Structures are given as structure tokens and as C-alpha cells.
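Okay, so here's the structure we're looking at.
So that the names make sense, note that chain A is the first sequence line, chain B the second, and so on, each numbered from 1. Every value quoted in this text rests on a predicted model; they were computed, and no experiment measured them.
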Number of protein chains: 4
Amino acid sequence: MSPKVTERYREEKRAAILAGALECFIEKGFQATTIDDIVRHLGISKGALYGYFPSKEDMYLQMAHKRMDDMVGSLTSRFKELPLAADRLHYLFGRFQSQPLSELRKWMAFHMEFMLYASRRPELIEMHQQYISKAIQLIDTLIQAGVKNGEFRADLDTESASYLFWSVRDGLALHFLLGGTEERYKQHVADMEAMVLRYLLKTPAAEI
Amino acid sequence: MSPKVTERYREEKRAAILAGALECFIEKGFQATTIDDIVRHLGISKGALYGYFPSKEDMYLQMAHKRMDDMVGSLTSRFKELPLAADRLHYLFGRFQSQPLSELRKWMAFHMEFMLYASRRPELIEMHQQYISKAIQLIDTLIQAGVKNGEFRADLDTESASYLFWSVRDGLALHFLLGGTEERYKQHVADMEAMVLRYLLKTPAAEI
Amino acid sequence: MSPKVTERYREEKRAAILAGALECFIEKGFQATTIDDIVRHLGISKGALYGYFPSKEDMYLQMAHKRMDDMVGSLTSRFKELPLAADRLHYLFGRFQSQPLSELRKWMAFHMEFMLYASRRPELIEMHQQYISKAIQLIDTLIQAGVKNGEFRADLDTESASYLFWSVRDGLALHFLLGGTEERYKQHVADMEAMVLRYLLKTPAAEI
Amino acid sequence: MSPKVTERYREEKRAAILAGALECFIEKGFQATTIDDIVRHLGISKGALYGYFPSKEDMYLQMAHKRMDDMVGSLTSRFKELPLAADRLHYLFGRFQSQPLSELRKWMAFHMEFMLYASRRPELIEMHQQYISKAIQLIDTLIQAGVKNGEFRADLDTESASYLFWSVRDGLALHFLLGGTEERYKQHVADMEAMVLRYLLKTPAAEI
DNA sequence: TATGAATGAGTATTCATTCAT
DNA sequence: CATGAATGAATACTCATTCAT
């Protein structure tokens with residue numbers, strides 16, 4: 001009869017379990033992580049975990065969505081302070097550069113395993129498209145604003161450009177998944193920024 | 001009793017097994033493919049298979065190497081007929097575009113599974129670096145030739161540019177792993193070519 | 001604070017729980033019905049349920065007894081209005097015939113599951129004998145009355161006849177557990193009545 | 001390349017596993033018997049068992065069919081030596097009587113668990129009807145022969161009578177599942193024979 | 001009394017690899 | 001060399017029951 005307290009408690013516990021499970025997944029991968037790993041890590045019982053999530057797969061899905069929403073939310077709010085499209089992009093590349101490589105690798109592995117997993121399950125593909133389109137739209141909107149501003153070329157296919165943006169970024173992370181130095185990675189991100197801007201900007205002379 | 005014949009026979013059988021296994025891996029993925037799947041597909045016995053390969057993992061590794069060597073070899077010989085760096089790149093993008101999406105997806109899934117697999121096994125990372133560096137060097141050499149030619153900008157970090165080249169390409173494939181139309185994919189490859197060339201070429205005005 | 005009220009309340013709640021649990025058991029079977037199913041069906045909490053019954057098994061047992069007592073009670077009172085043994089039997093067969101097959105099946109499954117369950121637990125067997133003997137005695141008494149009346153043959157082993165009566169009845173239900181039409185079932189019950197009467201009656205010529 | 005030897009070996013092993021599993025099922029029941037119980041009992045590995053049967057359920061089904069076929073086969077061949085329908089029935093009742101109660105109980109429990117199990121799985125019901133109809137037809141044919149012979153009444157619904165026959169038999173076994181003495185059981189079987197014959201025979205005077 | 005979160009033992013099935021024939 | 005029967009470790013999920021609030 002006290003839904004408020006219980007509800008809040010459940011929500012917190014739920015989040016705690018998700019966080020603990022994420023640590024496990026990132027450390028060992030989705031498939032390699034067993035339910036026993038997770039409950040041991042969290043210090044709870046199997047039954048407790050299953051009281052909050054119906055399956056391992058479900059935990060995985062909710063986690064991926066949460067991560068994307070967090071990223072989009074954080075960027076959206078930050079972008080409000082940056083009126084110029086080029087500045088927004090620059091901010092983004094700065095975030096890419098400042099993320100430690102070790103962390104990027106784990107995220108990338110997590111993300112890839114999700115995609116691989118989804119690619120064998122037709123019912124997850126639709127859900128994944130929604131997931132990924134949030135990121136595409138974010139950049140698409142950014143580039144459209146840049147075009148309106150007069151910062152970027154008017155003849156751009158903005159959606160395609162958004163795809164390319166994420167492609168270089170994800171492709172680069174992919175190549176650093178298994179090796180490469182922090183230093184080299186930063187260099188590549190810088191060059192990537194140059195390449196992307198040269199592609200978007202009206203006057204190539206303006207490039208870095 | 002002549003060792004040559006036996007040796008040749010073994011080699012052919014070995015290649016046949018690898019080819020059959022590859023078909024299975026591409027169809028179902030590495031983990032999902034069982035040894036039983038492979039021997040059933042090939043019409044041989046488990047014992048026979050293990051007479052040629054010590055483990056499933058080993059088959060996987062040899063296959064990945066073979067694939068890369070084939071690609072590099074095929075491109076290297078094709079490049080001899082194309083003196084201009086820009087033409088070589090154009091040829092490459094043409095290959096990207098003409099590959100059916102369904103096939104690309106399978107290759108990408110195969111490739112990703114390999115990387116994910118390697119990322120959890122430190123002993124495989126070194127081997128993967130060699131594997132990947134073959135592709136990097138191919139493009140690095142191509143770009144260096146372009147710089148020497150005077151086709152490309154002299155201030156390029158050619159290795160970095162090579163990384164970016166493969167990054168956009170692989171990143172794009174990654175985004176199309178789970179969905180997207182053939183048409184849209186081709187459009188993105190075309191835009192990708194524009195972006196890369198705009199980055200490499202001296203006179204952006206020269207771009208498509 | 002008056003114990004009477006509390007006691008009465010407990011008794012009613014207890015009966016309500018038993019009734020709700022019965023519905024679940026009949027619908028899904030004893031083993032397949034979970035405590036969660038029952039409390040969900042009743043809209044109460046697990047703790048509440050365990051405040052009234054020490055275990056799932058206990059609920060099961062009490063339920064079976066109640067059912068048998070109800071049946072015997074109902075028949076006993078009905079029999080008072082039927083002086084002739086043959087009429088009493090005819091009434092019984094009428095009840096068998098008029099019970100919808102779908103309902104009979106559920107009862108039969110319930111009954112069988114109880115027996116199977118008991119057959120693996122020696123401590124329940126004694127209890128089951130009491131349970132079953134109530135039904136046997138009911139018919140035994142009926143037949144003895146018929147013999148005294150002069151309706152039935154004097155050389156009958158009445159207890160054995162009572163066993164046979166229930167055997168045909170339960171065996172028939174058993175055969176219809178998994179299939180068969182309502183129509184066919186009624187036919188069999190009619191023939192069953194003919195067979196039983198032909199066995200009990202002095203003058204076979206008197207049969208239907 | 002030696003299918004004969006292998007085939008025979010597989011068949012024997014298959015039968016041995018079935019026999020061992022049956023012992024376990026009869027001892028503990030289908031659901032209560034774990035795969036570990038069975039392999040421990042047989043002294044083989046789990047993998048070996050699953051090389052012969054795809055699932056526990058499948059073993060169960062094959063076993064039930066084999067048992068029925070064996071019974072029908074054995075009776076059919078025995079009946080060839082008994083021209084009179086009444087003798088055939090008498091032989092059957094003799095078999096019922098001579099079967100030790102302890103064994104009957106186990107068979108009955110096994111049989112009941114099968115039915116209960118099937119009653120919750122629509123896809124098994126059809127299969128069960130075929131299973132049971134073999135027994136019904138055996139007796140139906142027997143009774144029809146008796147009618148033609150002039151031994152039995154001409155106005156019988158022979159199929160219905162066949163149902164009644166098995167009903168008394170199975171119902172009796174059901175009542176002795178949980179208790180009762182060997183002696184009492186034999187008495188009931190004898191009375192059952194009397195009841196059934198009195199029902200079938202033209203001249204009741206001819207009974208016992 | 002009522003609640004419902006937590007417990008944790010229990011189980012069918014898969015599959016890479018071996019090895020006797 | 002080839003065969004394929006055998007091995008056995010590994011793993012997600014269920015549910016009757018308890019007990020702190």
C-alpha cells in the first residue's frame with residue numbers, strides 16, 4: 001500500500017543491476033558473461049535478478065537504449081550553448097579525442113556484439129534502426145543548421161553526410177579495437193575532423 | 001607413395017575444407033556454426049576434418065588470412081594497369097559499389113566476429129595487426145604514389161589518410177549491417193568517394 | 001477483538017483461497033500451477049496465502065477432501081428421496097451423463113494428478129485410502145440395500161461390486177481424458193449402466 | 001562404409017538405452033526422472049544418450065508405443081490358438097490376475113503420467129488416440145467374432161463394449177494404484193470377468 | 001496480518017574434441 | 001587416413017518458501 005517507496009526502491013535497484021551487468025558485459029562481452037557472473041558481481045541472488053529483468057537479452061537491450069539516450073541527451077543540451085555548426089562538430093571531435101582508448105575499445109566491442117547479435121535476430125533489427133537513427137538525426141539536424149547558416153555547402157545530401165560522419169568515426173574506432181596507440185588515435189581523429197570539415201565547408205581555404 | 005602427390009592431395013583437400021567451412025561461417029557466423037554443420041556441408045567425417053585442422057579456431061584464422069591475401073593480391077595486380085592514383089581509388093570505390101549488399105553484410109559480420117573474438121584473446125592481436133596492416137599499406141602506398149604524382153596534396157599524413165579511407169569504408173559497411181537499401185548504400189559510397197577525394201586532391205575544384 | 005469474528009473471517013478467507021486455488025489447479029494442473037498463479041488469480045499476496053496454508057501440497061490435499069465430502073454429502077441427501085437402489089444407481093448414471101465432458105476431463109486430470117502424486121509419497125497413501133473408501137462405502141451401502149430389498153442378487157460380494165462400479169466409471173473417464181465426443185461418451189455411460197445393472201439384478205430380463 | 005555392423009550396433013544400443021530409461025521412469029516417474037538419473041543408471045554419458053534420442057520426451061513416446069505394440073502383438077499371436085471368444089477373454093483375465101500388483105502399479109503410474117502429460121499438449125493427443133485405438137480394436141474384433149460365433153448377444157454395440165472392457169480393467173488398476181492387497185485384487189478381477197461375461201453372453205445362465 | 005523482495009537449489013540440452021576401429 | 005560414437009563441462013531460467021518491513 002505504499003507504492004511510492006516501493007516504486008522508487010525498485011527503480012533504483014533496477015538501475016543498480018543494469019549498471020553492474022553493464023560492467024560485466026563490457027569486461028567479458030555479452031555472450032561470455034554468465035548470469036552467475038552478474039549476480040556474483042552484484043552480490044545478489046539469481047532470483048532477485050530475474051525479479052527485475054525477464055532475461056539476459058532484455059537487460060542487454062535496455063542497456064543499449066539507455067546508453068544512446070544518454071549520449072543524445074547530453075549532446076543536445078550541450079549544443080544549445082554552441083550556435084555555430086562547425087563549433088558543435090568541433091566539440092564532438094573533442095569528445096572523441098578525449099575519450100580514453102581503453103574505454104572506447106570496450107564500448108566498441110559492446111556495440112559490435114550487440115549488432116552481431118541483432119543481425120541474426122530479425123525481430124531486433126527494427127529496434128536497432130530506431131536506436132541508430134537517433135544518432136543519425138542528431139548530426140543530420142546539425143548539418144542542416146550549418147547549411148542554413150551558410151557555414152556549409154548548399155549542395156550537400158545532409159543525411160548522407162551524417163552517415164559518413166558516423167561511418168568514419170565508428171570505422172576508426174573499429175580499427176583501434178584491437179590495437180594502436182592513444183597518440184596515433186588522436187592524430188587520426190584530428191585528420192578525420194579535417195576531412196569531414198573540408199567536405200562540409202564552403203571554402204576549403206577555411207579548413208584548419 | 002610419392003610425397004608430392006600426397007602433399008598435393010592434402011593441400012587440395014585442405015583448401016576444399018576451408019572453402020566449405022567459410023560458406024558455413026558466412027551463413028551462420030563463427031560461433032553459431034558447429035563442427036557438425038561443417039562436416040555435413042562437406043560430406044566428410046569429423047575425424048577427417050580434424051586430420052587437417054587442429055581446431056575450429058584455427059580454421060577461422062587461416063580463412064581470414066586467405067581472404068585478405070586474396071583481396072590484396074587481386075587489387076595489386078589490377079593496380080598495375082592503372083597508373084593514376086585517383087583512378088585506382090575510383091576503381092576501389094567501384095568495387096565497393098558493385099558488391100551486393102547482402103554479400104557485404106555477411107562479410108562484415110564475419111569480419112566483426114573475428115575482431116570481437118580476437119579482442120578477448122591477447123595472443124591473437126599481434127596476428128590481427130599484421131592482417132590489417134596489409135590493407136593499410138596497400139592504400140598508403142597508393143596515396144604516396146598520388147602525392148609523388150602531384151595528384152594529391154603534399155602535406156598529407158599518408159598513413160593517417162589510409163586509416164581514414166578504410167575507416168569510412170568499414171564504418172559504412174557497419175551501418176548497413178542491419179538494414180538500409182542497396183540504393184542508399186550506393187549513394188553513400190559515391191558521397192564517400194567525393195569526401196575522400198576532396199580530402200586528398202590538391203584542387204578541390206577537380207572533384208567529381 | 002472478539003475471537004469469533006476473527007475466526008469466522010479466517011474461515012471464510014480460507015475457503016475463498018481454496019476455491020481460487022482449485023480453479024487454478026483445474027485449469028493448469030497441480031504441478032504447472034505456481035503460487036504466483038494462485039495469488040495473482042486471487043488478488044492477494046504470497047505472505048497472506050502462507051498465513052492460511054503451510055504449503056502448496058497442503059492446499060491440494062484439503063481441496064481433494066472437500067471435493068469428496070461434497071460429493072458424498074450431496075448424494076447421500078439425494079438418496080433419501082429415492083427408496084429403490086436401482087433408482088439411486090440410475091440417478092448416479094444420470095449425473096455422470098449430464099456432466100459436460102470438458103468438465104469431467106479437468107476433474108479427472110486433477111484426480112489423476114493427485115493419485116500420481118500420492119503414489120510417490122507413502123505418507124499420503126493412508127490418507128488416500130480414507131478418501132477413496134468414502135466413495136466405496138457409499139455404493140456398498142447402496143448395493144447392500146438393494147440386496148436386502150430383493151432388487152439385487154443375494155450372492156453378490158457387495159464391496160467388490162462397489163469397486164467394479166467405480167472402476168468402470170473412472171476407467172471410462174480415463175479413456176475420455178484425451179479425446180472422444182460428448183455423444184459417444186453418453187452412449188458408453190448408458191451401456192455402462194446396462195452392464196452394471198445386468199450384473200446386479202436378479203432377473204436379467206428386467207434390464208433396459 | 002560398414003553400415004550393417006554400425007546399424008545393428010546402433011539399434012541394440014538404442015534398445016538398451018530405452019530399456020534402462022524405462023526402468024528409471026517406472027521407478028521414479030517421468031518428470032521426476034532426470035537425464036542424469038538415466039545416464040548414471042546406464043553408465044553412459046549424456047552426450048551418448050543425446051546421440052540416440054533427441055529429447056527426454058521422445059524417449060518417453062517411443063517407449064509407450066513399443067509397450068503397446070508388444071502387448072497387442074503378443075495377444076494377437078496367442079489368440080490364434082484360441083478359437084472361442086470367451087476363451088480369449090478368459091485368457092486375458094488370467095493375464096490380468098497373474099500380473100503382480102507391484103508391477104501393475106508401476107505400469108499404471110507410467111501410463112497415467114503419460115496421459116496427464118499428453119492432456120496438456122494438443123500435439124500429442126492425436127498420437128495417443130492411435131495408441132489407444134490399437135487396444136480398443138483388438139477387443140472390438142474379439143467381441144465381433146464372439147457375436148458371429150453365436151457366443152455373444154447379437155444386439156451389442158461391440159465398440160462400446162470394447163471401451164467398457166478396458167474401462168473396468170484400467171479403472172480397477174487405478175483403484176489399486178495406491179493400495180489394496182494382491183488377494184483382493186484377484187477377487188475383483190474374477191468378479192470383473194463375471195460382470196463382463198454376463199454382459200456379453202446370450203444366456204446369463206452360462207456365466208461362471 | 002499483509003506485503004512482495006529475496007533466496008538458491010535444481011535440470012535439459014549443446015558441441016568441440018578425442019580415439020578405438 | 002577415415003569414421004562417428006563417446007565424452008562431459010557449461011548455462012539460463014524457475015519457483016516454493018521465508019522474513020524484514
Side-chain angles (χ1 to χ4, degrees), chain A residues 1-3 5-7 9-10 13-14 17 31-40 42-59, chain B residues 6 9-10 13 30-40 43-59, chain C residues 6 9-10 13 31-40 43-59, chain D residues 1-3 5-7 9-10 13-14 17 31-39 42-59:
Chain A
M1 274 308 193
S2 52
V5 175
T6 301
E7 199 70 14
Y9 175 79
R10 272 192 77 82
K13 185 108 195 187
R14 188 188 174 74
I17 291 176
Q31 315 209 52
T33 298
T34 68
I35 294 293
D36 275 311
D37 287 335
I38 298 173
V39 300
R40 208 180 306 123
L42 283 163
I44 62 172
S45 72
K46 276 188 202 177
L49 188 150
Y50 277 94
Y52 288 91
F53 298 92
S55 71
K56 187 180 160 185
E57 172 182 311
D58 201 80
M59 289 199 307
Chain B
T6 302
Y9 174 78
R10 272 191 72 82
K13 185 116 191 183
F30 174 66
Q31 313 212 51
T33 298
T34 69
I35 294 290
D36 274 307
D37 286 334
I38 298 173
V39 301
R40 209 180 305 124
I44 63 172
S45 73
K46 283 185 190 175
L49 189 150
Y50 276 92
Y52 289 93
F53 298 91
S55 72
K56 186 180 165 187
E57 172 183 310
D58 201 78
M59 286 197 295
Chain C
T6 301
Y9 174 77
R10 272 191 72 81
K13 185 119 191 182
Q31 312 211 52
T33 299
T34 68
I35 294 290
D36 274 307
D37 287 334
I38 298 173
V39 300
R40 209 179 307 125
I44 62 172
S45 74
K46 282 186 189 176
L49 188 149
Y50 276 93
Y52 289 93
F53 298 92
S55 71
K56 187 181 164 187
E57 172 182 311
D58 201 77
M59 286 197 294
Chain D
M1 274 305 192
S2 50
V5 174
T6 301
E7 201 71 13
Y9 174 78
R10 273 191 76 82
K13 184 109 194 185
R14 190 189 173 72
I17 291 176
Q31 313 210 53
T33 298
T34 69
I35 295 292
D36 275 310
D37 287 335
I38 297 174
V39 300
L42 283 162
I44 64 173
S45 72
K46 281 188 196 177
L49 187 150
Y50 277 94
Y52 288 90
F53 298 92
S55 69
K56 187 180 161 185
E57 172 182 313
D58 202 79
M59 290 199 306

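The side chain of Arg10(A) has dA5(E) as its nearest neighbour among dT3(F), dA12(F), dA5(E). Distances from the side chain of Ile44(A) to the nucleotides dA2(E), dT7(E), dA6(E) place dT7(E) closest.
Taking the salt bridge (Lys or Arg N to Asp or Glu O under 4.0 Å) definition, one finds that Asp58(B) meets it with nothing, sequence neighbours left out. In this structure, the ring pair (Phe, Tyr, Trp, His ring centres under 6.0 Å) partners of Phe30(B), at least two apart in sequence or on a different chain, are Phe25(B), Tyr60(B), Tyr117(B). With sequence neighbours left out, the side-chain contact (heavy atoms from CB on, under 4.5 Å) criterion links Ala32(D) to Lys28(D). Remark: Leu42(A) pairs with Ile17(A), Ile38(A), Ile44(A) by the side-chain contact (heavy atoms from CB on, under 4.5 Å) rule, at least two apart or across chains. Under the side-chain contact (heavy atoms from CB on, under 4.5 Å) criterion, Gln31(A) pairs with Glu113(A), Gln31(B), not counting sequence neighbours. Applying the side-chain hydrogen bond (donor to acceptor under 3.5 Å, both in side chains) criterion to Thr34(D), with sequence neighbours excluded, gives Asp37(D). For Lys56(D), there are no salt bridge (Lys or Arg N to Asp or Glu O under 4.0 Å) partners two or more places apart in sequence or in a different chain.
Atoms CG (Asp37(A)) and C1' (dC13(F)) sit 16 Å apart, rounded to a whole Å. Atom CG of Leu49(D) is separated from atom C1' of dA6(F) by 12 Å (rounded to the nearest Å). Going from atom CZ of Arg40(B) over to atom P of dA16(E) covers 11 Å, rounded to whole Å. Rounding to whole angstrom units, CZ of residue Phe30(B) and C1' of dC15(E) are separated by 12 Å. To the nearest angstrom, P of dT3(E) lies 17 Å from CD of Glu7(A).
Distances shown here put a side-chain N or O of Tyr9(A) below 4.0 Å from the OP1 or OP2 atom of dA6(E).
Contacts of Phe53(A) with the nucleic acid, taken as non-hydrogen atoms under 4.0 Å apart, are absent.
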*asked:* Wobble G-U and Watson-Crick pairs count when both distances are under 3.5 Å; given that, what is the 5' to 3' dot-bracket string of DNA chain F, with | for pairing to other strands?
replied: .||||||||||||||||||||
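Mapping Thr33(D) and Ser45(C) onto DNA chain E by nearest heavy atom places Ser45(C) closer to the 5' end of the strand. Along DNA chain E, the nucleotide closest to Gln31(D) and the one closest to Tyr52(A) are compared, and the more 5′ of them pairs with Tyr52(A).
For the atom pair Arg10(A) CZ and Tyr52(A) OH, the distance stands at 5.0 Å (nearest 0.5 Å).
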Show each protein N/O and nucleotides 17-19 of chain E N/O combination with a separation under 3.5 Å, one pair to a line.
unit_1, atom_1, unit_2, atom_2, d
dT17(E), OP2, Tyr50(B), OH, 3.0
dT17(E), OP2, Lys56(B), N, 3.2
dT17(E), O4, Lys46(B), NZ, 2.9

